[in-house]
Amino acid sequence: NRAEVVINGSSSPAVVDRSNESIKHIKPASFRWRHNQTLSLKIRKQILKFLDAEKDISVLKGTLKPGDVIHYVFDRDSTMNVSQNLYELLPRTSPLKGKHFRTCAIVGNSGILLNSGCGREIDAHSFVIRCNLAPVQDYAWDVGMKTDLVTMNPSVIQRAFEDLVNETWREKLLQHLHSLNGSILWIPAFMAKGGKERVEWVNELILKHRVNVRTAYPSLRLLHAVRGYWLTNKVHIKRPTTGLLMYTLATRFCNRIYLYGFWPFPRDQNQNPVKYHYYDSLKYGYTSQASPHTMPLEFKALKTLHQEGALKLTVGECD
Ligand code: CTP
């Protein structure tokens, strides 16, 4: 009783359905998804006109020095200074330099993952990307454990680690960072004002405790480039979500891309409630940095790509 996104309606992302119901229309089992290699390569080429994941995944050491002033991407009037710690943690070369993977999983954080049993399938991919330090240990059967790259919006430190108010929370974050064990920690430090202290706390912990992670801080041009690519494909997103950013970057180094945990709707196809996140009690429409997101619109675009075989979206149980 595997459920996959159905092939129906227009294949053009330009046509936007107003109702979420038609966006999330899915059907069970029999439909066989087939990878469209030609289309995947075409998309990679098109995206390369806007950005290059190898370069834009992180600012490199050679390009900044401590004390440099940076204007936030979304808050141009506000600035930050490059701290010594941030400088220390900038990679010398791209963490994705020359990388190529047969299959990649991008794991979104929707509650649709609960009871999916997708953990084993996710872990079998060559490269696994996760978002916003999502916990895995207690959810391994549904989400897997393997993590090659994980993102961390500064707001997560507030949301999931109580802004490190005491030693207990600091320890919790530290344990989580240690568990990453050599993977890439991707921190959008230059996007929006307000996250500077949180980024600094994390940087400090990493250096002080010699945490084994490879830090990356996306380039200043990445967000606009990603937005530009989708705009030219008539997907009008104000601010791409982490999940869409990851898909856009992954096209550069992954042959086949599999998406899990992408379901921005409070109910599943059978009208059963679906949690916003698989691991916490956050509600749909919560106001934070997520508010400028237009997840259902992104979902529609991803669904179209699924139908065309450019990526595979799993929104039900795995075998
Ligand atoms: N996602 C989804 N449906 C949900 C929740 C998340 O499709 N119900 C996808 C989105 O692509 C999202 C990603 O999973 O970007 C990771 O989820 P989350 O941590 O909530 O990311 P953002 O909302 O982008 O992060 P933030 O709230 O920090 O801006």
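In each ligand, atom 1 is the first atom listed, and ligand 1 is the first ligand listed. Note that the structure is a prediction, hence the values are computed from the model and not measured.
Residue Gly243 places at least one N or O, backbone or side chain, under 3.5 Å from an N or O of ligand 1. Some N or O of Thr241 is nearer than 3.5 Å to an N or O of ligand 1, by distance alone.
If you check the side chains of Asn109 and Tyr260, you find no donor sitting under 3.5 Å from an acceptor. At a cut-off of 3.5 Å, with distance as the only test, a side-chain donor of Thr147 or Arg130 sits close to an acceptor on the other residue.
Here is the list of ligand 1 atoms found below 4.0 Å of a heavy atom in His277: 18 (P), 19 (O), 20 (O). For ligand 1, the atoms lying closer than 4.0 Å to a non-hydrogen atom of Cys131 are 16 (C). Distances below 4.0 Å separate heavy atoms of Tyr276 from the following atoms of ligand 1: 4 (C), 5 (C), 8 (N), 20 (O), 23 (O). Annotation for ligand 1: atoms under 4.0 Å from non-hydrogen atoms of Gly108 are 14 (O). Of all atoms in ligand 1, numbered sequentially from 1 with element shown, those under 4.0 Å from a heavy atom of Gly261 are 1 (N), 2 (C), 7 (O). Residue contact check: Asn153 has heavy atoms under 4.0 Å from atoms 25 (O), 26 (P), 28 (O), 29 (O) of ligand 1.
In this structure, Phe299 has its ring center closer than 6.0 angstrom to the ring center of Trp263. Separation of the Phe253 and Phe127 ring centroids falls under the 6.0 Å cut-off. For Tyr278 and Tyr139, the ring centers sit closer than 6.0 Å to each other. Taking the ring centroids of Tyr258 and Trp33, they lie under the 6.0 Å cut-off.
Residue-ligand proximity: Met246 is placed with every non-hydrogen atom at 4.0 Å or more from ligand 1. At least one heavy atom of Tyr284 sits less than 4.0 Å from an atom of ligand 1. Not a single heavy atom of Lys275 sits less than 4.0 Å from an atom of ligand 1.
If you look at Ser155 next to ligand 1, the close heavy atoms, those under 4.0 Å, all belong to the side chain.
For Asp56 (side chain) and Ser219 (main-chain N/O), no donor-acceptor pair under 3.5 Å exists by modelled atom type.
Within the model, atoms OG1 of Thr248 and CD1 of Ile106 stand 8.0 Å from one another, a figure rounded to the nearest 0.5 Å.
Comment: Arg120 does not engage Asp123 in a salt bridge, judged by the lack of any side-chain N to carboxylate O separation of less than 4.0 angstrom.
Atom 2 (C) of ligand 1 has its nearest heavy-atom neighbour, among Tyr279, Trp263, Tyr260, in Trp263. Of all the listed residues (Leu245, Val107, Asn132, Thr242), Asn132 holds the heavy atom that lies closest to atom 19 (O) of ligand 1.
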